[in-house]
Every structure is written in C-alpha cells, then in structure tokens.
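First the structure, in the form of structure tokens, and then the observations on it.
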Number of protein chains: 2
Amino acid sequence: MAKNKRDIERQVKQEEIEAAATRLFVERGYDATSMAQVAEQAGVAPNTLYWYYKNKDEMLVATLNRLVGKGLSEYAQMADQPLDTQLLWLLGQFEQFSALVTTVHARVEHAATVREWHANFHMMLDQLMIARLQAQGVTAEQAGLLATVTGFVVEGLLSHATPQPQREAIVQWLLRAGVQTA
Amino acid sequence: MAKNKRDIERQVKQEEIEAAATRLFVERGYDATSMAQVAEQAGVAPNTLYWYYKNKDEMLVATLNRLVGKGLSEYAQMADQPLDTQLLWLLGQFEQFSALVTTVHARVEHAATVREWHANFHMMLDQLMIARLQAQGVTAEQAGLLATVTGFVVEGLLSHATPQPQREAIVQWLLRAGVQTA
DNA sequence: ACCTGAACACCGTTCAAGT
DNA sequence: ACCTGAACACCGTTCAAGT
C-alpha cells in the first residue's frame, strides 16, 4: 500500500532488514543472532532497528510472517495432491526452518506477540487439515483430534531429525490410522 | 560415594546449588534465570558455580538428571497400571516442567552435553514404551513407530497446553489406533 | 581443593541529539 | 519521520589472587 516516495523507501529499508534477519535467524538461530549483526547486514546502526520494530521478538514475528507468506504461495501449487504427499512436502519445506520451530516455542512463554502468532499459525494449519479430512468423510470431532495430533507429529519430526523412510512411514501410518479409526 | 568429610561437604554444596537451579529454572525458565541468581540462592559468588559446572548448559543437564531420577522413582509405583493411565500420569508429572521441554530442544542445537542427554532420554522412554507394546503383541517395527509418535504427541501436549478432556481423548485414540492397526 | 573480586566482551534496549 | 553515538543495566565466563 505504498502511497508516496517516502513510503516506498521505508518499505525498501524494512525489506532489507527483514531479509537480513530472516537469513541470520535461519542460518545461525535466533539466540545466536544479535541485533547488532542484523543491523550490520542491513547497513544500519543497531538502534535503528528499534524504529522499525518494538523489540527483537517483534522482528522475529515479522520474519515468520514473511516465511509463512512465501510458504503458503508455494503451497497453492500442491492444492490437488493427496494429503500424505502434501504433509511430506510441508515437512521438506519446514526442514530448513526447523530451528525456528523451537525458537517460537521458547519465545511463546515470554513474548505476547509471539504467543499470538503461534496460536494463529496452529489454528490456520488445523483448519486447513480439518477441511481436507472432512472432505474424506471424517467426522468433525475426529478431524479436529487428528489435526492436533498431526501438528504435534510434524513438529516432532522437525525438531528431532528423523530419517526420511521412518518419517514417511509415520506420516502414512498416522493418516491411514486416522481415517480408519474415524 | 562420599568417602570423607570433604567429599560430603562438596556434595552438600552441590545439592544446594542444584536445588536452587532446579527451582529457578522451573519457576521462571532457563533463559530468564541468570547464573548470578542461582549463585545468590545457593549462597555463593557467581563465578563459584564454574568450579562445579563447566557452564550453564552443564548445570541444566545436572538439574535434568535430578528431575528424571525423581520422576523414575515415582514411576515405579505406576508400573502395573495400564499404558494410557501411565501416559496421562506422566503428562501430569511433566506438566510442571513443560518450560524445560522447550528449553532442552532449544539448547540441543548449541550444546553437545544437552544434545547427548536429550538423545539418551528419548531412547530410554522409547525402550520403556516399546517393551510395553510388545508385551501387548505389537510387532517390534510397529512398536518403534508408535513409541516415536507417542513421544512427539507427549511433547506436543506439554508445549501446547491442551485442555484435559481433549488430552485424554488424544492419548486414548492414539493407543487404541496404534494397537488396532498393528 | 575450593572460593572470590575484578574484569572482559557482549547483549538488548533507551535516550538525547541530529537531519 | 528517520537515524545515530553514547550510554545503561545486564549477561555468561575467565583469570589472578586468596585460603
């Protein structure tokens, strides 16, 4: 919604900052990345970051939104694939950000903004999955339960680096058992 | 294995430090607890802690071992309960330390000692669960898969504060589906 | 062997001052 | 409105010095 030159320049600078933050957070982790490092990569003074973000946690949420936005737009191409294929693809996508999964859970307890983002993110994924399951004839209750469990399993697989064949076996068993025992 | 007076006094002091660390880590979290705070509660100078532990991560591992030891000794009383009862009891026990679950995952990436502890902890729980499942006639392969999934679900339930009835429904469905589709 | 005071390099964040 | 230099309070950790 850039209205004038000043607005555009602000967005460009913000883009640079978030690109730097995203790269550093993904590569070396949130804790291991200092505000000074982000500032250096973005070509500004450290305290300048506080003009754009209230604090480090809000900068994290900004990078999360960028990543999710990019992920959702790529997900559009997978819309007609079967559910297990979608889930395994999702795991492959999230793999590179697996460090951020843990980071989010760590910050949820201390930062209200991250807590809110996290709740919304899970609700979104749950809804997505519930819709798919109900289309397969699973009851609303069972679909909700299965969506929650699948979310936990996805997070578990991401944060525990399971070998690919085992990962596939788990996803396929989960969906099969989920529909079968509905 | 205290052999003499000096050894005993060392153990007493270490006990005090670990009691203080455990309390603070559980109450206000690992990140939010400074070495200075632990030292103050234990009645020593901050740098004295480094005589007992190589760094903050090793102090964390020491507190984890204390908590697990206590937990296992209480688990002995539950040995003859059905598996779902045991799991729900375990969740109740871990509830108070749910913050530490996230902390461990966060430190796994950066500290080798925590990484090692985490791997051993999961192996122990997996073995415990696999033995139980095989006794129910589940194949070794299916038992392994189910143990992994259950571990993920337990961690998910702990770090996402699910309401009790939903929690029970999830645990019961998981075990039923796990044995049923074996 | 055990403990400490002082210091080190760093951290996230704030503030007053600039344009 | 946007950016900065300087400072603040704090952090985990180290080191030389004590007993």
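No hydrogens, no waters, no symmetry mates; every other heavy atom, side chains included, goes into these values. All values reported here derive from a predicted model rather than from experimental measurement. The sequence lines fix the lettering, A, B, ..., with proteins before strands; numbering per chain opens at 1.
Residue A:Y52 is classed as a sugar-phosphate contact, given heavy-atom separations below 4.0 Å to backbone atoms only.
Atoms NZ (B:K13) and C1' (C:dA1) sit 15 Å apart, rounded to a whole Å. Rounded to whole angstrom, the span from the CD atom of B:Q11 across to the P atom of C:dA1 amounts to 17 Å. Remark: C1' of D:dG12 and OH of B:Y53 are 16 Å apart, rounded to the nearest angstrom. In this entry the distance linking CG of B:D57 with P of D:dT13 reads 7 Å, nearest Å. Between the P atom of D:dG12 and the CD atom of B:E58 lies a distance of 16 Å, rounded to the nearest Å. Rounded to an integer number of Å, the gap from B:I17 CD1 to C:dC2 P is 11 Å.
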Identify all pairs in which a protein N or O lies below 3.5 Å from an N or O of nucleotides 7-11 of chain D, and state each distance.
{"residue": "D:dC11", "atom": "OP1", "partner": "B:S34", "partner atom": "OG", "Å": "3.4"}

Would you list the atom pairs, donor with acceptor, under 3.5 Å between side chains in residues 134-144 of chain A and any protein atom, with sequence neighbours excluded?
{"residue": "A:T139", "atom": "OG1", "partner": "A:Q142", "partner atom": "N", "Å": "3.2"}
{"residue": "A:Q142", "atom": "NE2", "partner": "A:G178", "partner atom": "O", "Å": "2.9"}

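Legend: salt bridge (Lys or Arg N to Asp or Glu O under 4.0 Å) pairs involving residues 13-22 of chain B, not counting sequence neighbours, sorted by first then second residue: B:K13-B:E16, B:E15-B:R66. The stretch residues 99-125 of chain B participates, sequence neighbours left out, in these salt bridge (Lys or Arg N to Asp or Glu O under 4.0 Å) pairs: B:D57-B:R107. Among residues at least two apart or in separate chains, ring pair (Phe, Tyr, Trp, His ring centres under 6.0 Å) pairs with a member in residues 11-48 of chain A are A:F25-A:Y30.
To the nearest 0.5 Å, atoms CG (A:L91) and OG (A:S98) are separated by 11.0 Å.
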Practice task
Run the numbers on A:K54 and A:M59 for side-chain contact (heavy atoms from CB on, under 4.5 Å), then give the verdict.
Solution key: CA-CA 8 Å; A:K54 213 173 120 244; A:M59 208 164 80; over 6 Å; no
Practice task
For the pair A:H160 and B:H122, evaluate ring-ring contact (aromatic ring centres under 6.0 Å, His included) and give the outcome as yes or no after the intermediate values.
Solution key: CA-CA 10 Å; A:H160 290 84; B:H122 273 279; 4.6 Å; yes
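By the side-chain hydrogen bond (donor to acceptor under 3.5 Å, both in side chains) test, B:N55 is found to be paired with no residue, residues two or more places apart in sequence or in another chain being considered. In this structure B:H110 satisfies the ring pair (Phe, Tyr, Trp, His ring centres under 6.0 Å) test with no other residue, sequence neighbours excluded. Shown here are the side-chain hydrogen bond (donor to acceptor under 3.5 Å, both in side chains) partners of B:R23, two or more places apart in sequence or in another chain: B:Q41. Take A:Y75 and apply the side-chain hydrogen bond (donor to acceptor under 3.5 Å, both in side chains) test, not counting sequence neighbours, and it matches A:Q86.
In this structure, the side chain of A:H118 does not engage the main chain of A:V114 through any donor-acceptor pair within 3.5 Å.
At a non-hydrogen distance threshold of 4.0 Å, nothing from residues 102-118 of chain B comes into contact with DNA chain D.
When side chains are defined from C-beta on, A:H105 does not count as touching B:H105, because their heavy atoms never get closer than 4.5 Å.
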Handout entry: Under 4.0 Å protein heavy-atom contact, by nucleotide of nucleotides 14-19 of chain C - B base, S sugar-phosphate only
Key = BB----
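Side-chain N/O atoms of B:W51 include none lying less than 4.0 angstrom from OP1 or OP2 on C:dC3. In this structure, A:R10 reaches the D:dC2 phosphate: one of its side-chain N or O atoms is under 4.0 Å from OP1 or OP2.
Surrounding CD of A:E74 are more than 12 heavy atoms belonging to other residues, nucleotides or ligands, all under 6.0 Å away.
Of all nucleotides listed (C:dT4, C:dC3, C:dT13), C:dT13 comes nearest to the side chain of A:N55.
Base pairing in DNA chain C yields stems of at least 3 consecutive Watson-Crick or G-U pairs, both distances under 3.5 Å, namely C:4-8 with D:12-16, C:12-16 with D:4-8.
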